[in-house]
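Here is the structure we will look at.
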Amino acid sequence: MLSTRRFGDIQRWSQTLIPTAKEAPADAEAPSHKLLVRAGFIRRVGAGIYDYLPLAWRTLNKISGIVRDEMNAAGACEMLMPALEPFEFFEGTKRDVDYGDNLFRLTDRHGRVNALAPTHEEIITEMMKGSIASYKQLPLNLYQVQTKFRDEARPRSGLLRGREFIMKDAYSFHTKAEGAGGLTETYEKMRTAYTNIFTRCGLDFSIVEAEAGPIGGSASHEFMVNCETGEDTILRCSKTGYAANVEKCGIGERAWSFDGEPSGDLETVPTPGMASIEDVSKFIKVKAPNMLKTIVLSIDAEHGGGWVVAVVRADHEVNEGKIKDAIGFPVAMADETEAKAAGFAIGFVSPCAAKTVGAKLVVDPDAAQGMDTAKGKPYFWATGADTHDHHVKRFNWRRELGDFLDSENTIVADIRNARAGDPSPKAAGATLTEGRGVEVGHIFQLGTKYSEAMGFLVQDESGDRNAVIMGCYGIGVSRTLAACVEMSHDDNGIVWPMALAPYHVLITVMKIDNEEHMAHATNIAKGLSEAGFDVLIDDRDDRPGSKFKDADLIGIPIRLTIGDKALDQGGVEFKQRTDTGKGEIVALGSITTRCIDAVSSQ
RNA sequence: CGGGGUGUAGCGCAGCCUGGUAGCGCGCUACGUUCGGGACGUAGAAGUCGGAGGUUCGAAUCCUCUCACCCCGACCA
């Protein structure tokens, strides 16, 4: 007969490795990094490489356990692929170029080049290609929990951005996008599964629209743990609840017009060696919102080559993805030498360069202003003079560019990053607010990018062979651990949610040489274990103060203190990590019940 | 890759300017006194001063080169 009962672990502090420290290493900056090191969860081995000590590994296993539960429930199947891959796999899909130096390469004894996998689209597609030939075998959704390798230019913040990290990656395969068995259906299932996963983990998170990045593909959503120390900026519509990554977030309608009388004669001013907006702004005493930032971008040869001149207000940031959407093909920051050779005075370019040098002009609505409507007078603009070391004041769109603004070479479109206060793209009158987050999950609709590149075709009902439609779904397991700490800690240490805590209950024994105390600890632990709790008994021969400090530091949700004080009243002291005051005395016989109550009231 | 910074005991740091053979706090070991929010005393152990080369009678200290790591940015997710 199968056992359906789960017994929790009982372990003793003296028999595991929890090297806590009073002080964090000097080079740690992020709260999660400091606390995870201080609490004995992780140890740095090299830049972006860490040991996961017993406590960390327990929590990581809890995270992946929840991930497996929900993935399996959503119809996905777990497998495991190698981390070491022949380099040709990446050359085939050009991801060796896309990932660039982020791809770890190593040469084996025969001189063959291999890669340490940053993700597994190529490997799984190759594997599926050899296993699936008919539409009847699809859809399928396969996943693994595995170590990934990315040679980050700048690993940082402990586990938040490592070069070696644990990831759950899932890949789904379909013969159609819509309908039963289609990509969209699985994508939605994954979105639900991820929502369940992060909810069960006890995390405060947001689902946001996102850019796909080098993974490729179309629709994509990110799951962000909300916390102020996060690297990502999230924008939210105050009315609809719409949220998006700053890279992706659209901006609502903004009125614009190039028309308006000049505020005066064009005046050229010397700005020697002033490359940055900040320097120029101070030097010529014009505030950034009254300056135009002009960026030169190049179109690659595949799309006909040529230049794009993008103009935004100087206090705004251009968004290359949005420029791509505006003009219809991808652009990249121009090579400085090439752009100079073409006639652009890099650092001192004005919108006029689009006309004189010959380029498409793309202008953000906030920059496409002839009149300063708020002030009811002509808009004062300063910008580059198209001459080295010079800028101009009182730039006027109509006077400077005339009909060029009406030509097919000029486009006015949203090409900048959104920021707090901008109009929402989802509801008229609503504005956007800004928050920060840590990306812990990302789901993508890949489409046929990999299947086409690798020739993964299957036959449909009529015998035609079509490229398989794919989706992929990632969760940063080790990053989730760190993000949870970023989100949930106080001055004394980590505050684990019950679901991710390495142990649910910590039993602090005041006098370990008192046999009665130890016997109580063992009995209580046994009872809790039978109820499914993981229990850590602090049986160290240490003073109470240190033990309490360590207890708070490692953040176990429930602490039971066994000492004379409570025992004299026939019980033990019960205290949750989130409780501020004194603990309550709980009778020996009701401890398990009290702990169960604590869990269910969470 | 650009800018800034740091490498001295397990951790946090001083010593370097002005060369003379390494010290403080925490932690660790032993003993004693303590014992409910990081105790105290006494005695100890522990360091290729990141590495290589150079200058010098003598280098943690001065010079050159190099490596590693951290932070900001670029980049990336």
Side-chain angles (χ1 to χ4, degrees), chain A residues 17 19-30 33-34 37-38 40 43-49 95 98-103 118-119 148 150-158 160-163 165 167 169 208 210-216 220-224 230-233 245-248 275-276 278 317 320 332-333 336 437-444 472 474-476 478-480 483 491-493 508-514 517 538 540-553 559-568 572-573 575 580-583 585:
Chain A
L17 178 66
T20 57
K22 274 191 193 172
E23 290 178 283
D27 52 23
E29 197 77 11
H33 187 190
K34 285 185 185 170
V37 172
R38 278 193 59 209
R43 247 321 136 116
R44 193 179 62 77
V45 175
I49 311 170
R95 279 221 296 172
D98 291 347
Y99 262 100
D101 290 336
N102 271 17
L103 195 58
T119 61
K148 294 285 188 279
R150 294 185 195 173
D151 196 359
E152 293 283 348
R154 189 153 94 77
R156 74 190 86 159
S157 307
L160 284 174
R161 180 170 299 273
R163 295 197 298 166
F165 57 96
M167 181 174 173
D169 47 326
V208 310
E211 282 291 337
I215 304 282
S220 121
H221 286 87
E222 287 169 332
F223 289 72
M224 299 273 197
E231 271 191 298
D232 292 277
T233 302
N245 191 309
V246 66
E247 304 293 325
K248 178 75 178 175
S276 75
E278 200 184 335
E317 286 172 25
E320 286 179 28
M333 285 291 288
E336 194 171 327
V438 177
E439 179 195 348
V440 289
H442 202 157
I443 56 178
F444 303 84
C472 80
I475 288 179
S478 45
R479 185 185 272 184
T480 300
D491 292 344
N492 295 317
T508 304
V509 183
M510 288 288 96
K511 294 178 180 167
I512 59 157
D513 46 5
N514 180 320
H517 289 193
D538 188 349
R540 290 175 300 168
D541 183 11
D542 214 336
R543 294 168 59 81
S546 326
K547 291 182 154 192
F548 291 144
K549 286 287 183 189
D550 274 349
D552 287 345
L553 183 58
R559 189 183 82 202
L560 300 174
T561 306
I562 298 182
D564 292 328
K565 271 190 187 176
L567 284 173
D568 288 347
V572 300
E573 185 185 310
K575 189 172 186 292
T580 44
K582 293 250 174 204
I585 307 290

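Per chain, numbering begins at 1; letters A, B, ... match sequence-line order.
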Per [X] side chain, nearest of listed nucleotides [options]:
X: A26(A); options: rC71(B), rC13(B), rA74(B); value: rC13(B)
X: E23(A); options: rG12(B), rG10(B), rC76(B); value: rG12(B)
X: R43(A); options: rG12(B), rG10(B), rC76(B); value: rG10(B)

Could you state the atom-to-atom distance from [atom1] of [X] to [atom2] of [N] in whole Å?
X: R156(A); N: rC71(B); atom1: CZ; atom2: P; value: 8 Å
X: E231(A); N: rA74(B); atom1: CD; atom2: P; value: 11 Å
X: L160(A); N: rC71(B); atom1: CG; atom2: P; value: 11 Å
X: D541(A); N: rG27(B); atom1: CG; atom2: P; value: 15 Å
X: R161(A); N: rC76(B); atom1: CZ; atom2: C1'; value: 6 Å
X: K34(A); N: rC11(B); atom1: NZ; atom2: P; value: 17 Å
X: K511(A); N: rU34(B); atom1: NZ; atom2: P; value: 13 Å
X: E317(A); N: rC75(B); atom1: CD; atom2: P; value: 10 Å

Would you measure the distance from the [atom1] atom in [N] across to the matching atom in [M] and give it in whole Å?
N: rC75(B); M: rA14(B); atom1: P; answer: 35 Å
N: rA59(B); M: rA22(B); atom1: C1'; answer: 13 Å
N: rC17(B); M: rG50(B); atom1: C1'; answer: 22 Å
N: rG10(B); M: rU48(B); atom1: P; answer: 8 Å
N: rA45(B); M: rC31(B); atom1: C1'; answer: 15 Å
N: rC65(B); M: rU21(B); atom1: C1'; answer: 25 Å
N: rG51(B); M: rG7(B); atom1: P; answer: 14 Å
N: rA52(B); M: rU6(B); atom1: P; answer: 22 Å

(message) Need to verify one output field. Residue with the more 5' nearest nucleotide on RNA chain B, A566(A) or P25(A)?
(response)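 Looking at RNA chain B, the more 5' nearest nucleotide goes with P25(A).
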(request) Between E247(A) and A24(A), name the one whose nearest nucleotide on RNA chain B is closer to the 5' end. (result)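 The 5'-side residue here is A24(A).
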(request) Applying salt bridge (charged side-chain N to carboxylate O under 4.0 Å, His left out), name anything that partners K565(A), two or more places apart in sequence or on another chain. (result)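 Here no residue qualifies.
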Answer yes or no: is there a side-chain heavy-atom contact under 4.5 Å between [X] and [Y]?
X: V440(A); Y: M224(A); result: no
X: I475(A); Y: F223(A); result: no
X: L103(A); Y: R95(A); result: no
X: R43(A); Y: P19(A); result: yes
X: R38(A); Y: L553(A); result: yes
X: E247(A); Y: E222(A); result: no

(request) Report which part of the nucleic acid D232(A) touches: base, sugar-phosphate, or nothing (heavy-atom distance under 4.0 Å, all strands). (result)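 Base, at least one base atom sits under 4.0 Å.
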(message) Considering every strand and a 4.0 Å limit on heavy-atom distances, what is the contact class for A551(A): base, sugar-phosphate, or nothing?
(response)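 No contact.
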Would you tabulate the pairs of protein nitrogen or oxygen atoms and nucleotide nitrogen or oxygen atoms of nucleotides 66-69 of chain B closer than 3.5 angstrom?
from, atom 1, to, atom 2, distance (Å)
rC69(B), OP1, A47(A), N, 3.2

With a 3.5 angstrom cut-off on both distances, give the Watson-Crick or G-U wobble partner of [N], or none if there isn't one.
N: rC49(B); result: none
N: rC40(B); result: rG32(B)
N: rA68(B); result: rU6(B)
N: rG25(B); result: rC11(B)
N: rC1(B); result: rG73(B)
N: rC62(B); result: rG54(B)

(message) rC72(B), OP1 or OP2 - any side-chain N/O from R154(A) closer than 4.0 Å?
(response)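 Answer yes for this pair, as a side-chain N or O of R154(A) is under 4.0 Å from OP1 or OP2.
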Quick check against the 3.5 Å criterion: does [X] have a side-chain atom that pairs as donor or acceptor with the backbone of [Y]?
X: R163(A); Y: P155(A); answer: no
X: K547(A); Y: V509(A); answer: yes
X: R479(A); Y: E439(A); answer: yes

Polar atom pairs (N or O), protein with nucleotides 47-52 of chain B, under 3.5 Å:
none

(request) Could you list the residues that satisfy side-chain hydrogen bond (donor to acceptor under 3.5 Å, both in side chains) with D169(A), not counting sequence neighbours? (result)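 Checked D169(A) against side-chain hydrogen bond (donor to acceptor under 3.5 Å, both in side chains); matches are Q144(A), K148(A), Y171(A).
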Between the protein and nucleotides 37-40 of chain B, which nitrogen or oxygen pairs are less than 3.5 angstrom apart?
from, atom 1, to, atom 2, distance (Å)
rG37(B), O6, R559(A), NH1, 3.1
rG37(B), O6, R559(A), NH2, 2.8
rG37(B), N1, D552(A), OD2, 3.2
rG37(B), N2, F548(A), O, 3.4
rG37(B), N2, D552(A), OD2, 2.3
rG38(B), O2', K22(A), NZ, 2.9
rG38(B), O6, R38(A), NH2, 3.3
rG38(B), N1, D550(A), OD1, 3.1
rG38(B), N2, D550(A), OD1, 3.4
rA39(B), N7, R543(A), NE, 3.4

(request) Not counting sequence neighbours, which residues clear side chain to side chain contact (heavy atoms under 4.5 Å, CB included) with E320(A)? List them please. (result)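 By the side chain to side chain contact (heavy atoms under 4.5 Å, CB included) rule, E320(A) matches L297(A), M333(A).
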(message) Would you say H33(A) and D27(A) are linked by a side-chain donor-acceptor pair, where the criterion is simply a distance under 3.5 Å?
(response)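 Note: D27(A) and H33(A) side chains miss the donor-acceptor criterion.
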(message) With a 4.0 Å cut-off on N to O distance, would you call R156(A) and E231(A) a salt bridge?
(response)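 The answer is yes: the pair qualifies as a salt bridge.
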